Asks: 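The structure is given below, and queries will be raised subsequently.
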Amino acid sequence: MPYINIKVTDEGVTAEQKKALIRGTTELMVKVLNKTPNTTFVVIDEVNTDNWGIGYEQVTDIIGK
């Protein structure tokens, strides 16, 4: 029973893009690991850019430059 957790910044990811991520990651598990789609869980967490850092900076500050 695979559990896939995708974390993205909350910068306007659309419902269609999320559906594509769910379909794509599930298909990858089917093709690579022969897993059953019905028992493959995909969770997408949208993280506020204030709560995401790269190096010493918040992503909010990086994208604001």
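For clarity, every value in this text was computed on a predicted model and none was experimentally measured.
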Asks: Give me the one residue out of Asp50, Asn51, Thr49 that meets side chain to side chain contact (heavy atoms under 4.5 Å, CB included) with Asp10.
Replies: Thr49
Asks: Distance-only criterion, 3.5 Å: show the donor-acceptor pairs between side-chain atoms of residues 1-9 and protein atoms not counting sequence neighbours.
Replies:
{"unit_1": "Asn5", "atom_1": "OD1", "unit_2": "Lys7", "atom_2": "NZ", "d": "3.4"}
{"unit_1": "Asn5", "atom_1": "ND2", "unit_2": "Val43", "atom_2": "O", "d": "3.4"}
{"unit_1": "Asn5", "atom_1": "ND2", "unit_2": "Asp45", "atom_2": "OD2", "d": "3.0"}
{"unit_1": "Lys7", "atom_1": "NZ", "unit_2": "Asp45", "atom_2": "OD2", "d": "3.1"}
{"unit_1": "Thr9", "atom_1": "OG1", "unit_2": "Glu11", "atom_2": "OE1", "d": "2.4"}

Asks: If you define the side chain from C-beta out and look only at heavy atoms, does anything of Lys18 sit under 4.5 Å from Arg23?
Replies: no
Asks: Hey, quick one: are Val47 and Ile62 part of the same hydrophobic cluster, counting side-chain heavy atoms closer than 4.5 Å, chains of contacts allowed?
Replies: yes
Asks: Between Leu21 and Val42, is any pair of side-chain heavy atoms under 4.5 Å apart?
Replies: no
Asks: Hey, what do you get for CD (Glu57) to CD1 (Ile63), rounding to the nearest 0.5 Å?
Replies: 11.5 Å
Asks: Enumerate, atom names and distances included, each donor-acceptor pair closer than 3.5 Å involving a side-chain atom of residues 26-39, sequence neighbours excluded.
Replies:
{"unit_1": "Thr26", "atom_1": "OG1", "unit_2": "Ile22", "atom_2": "O", "d": "2.8"}
{"unit_1": "Thr39", "atom_1": "OG1", "unit_2": "Thr36", "atom_2": "O", "d": "3.3"}

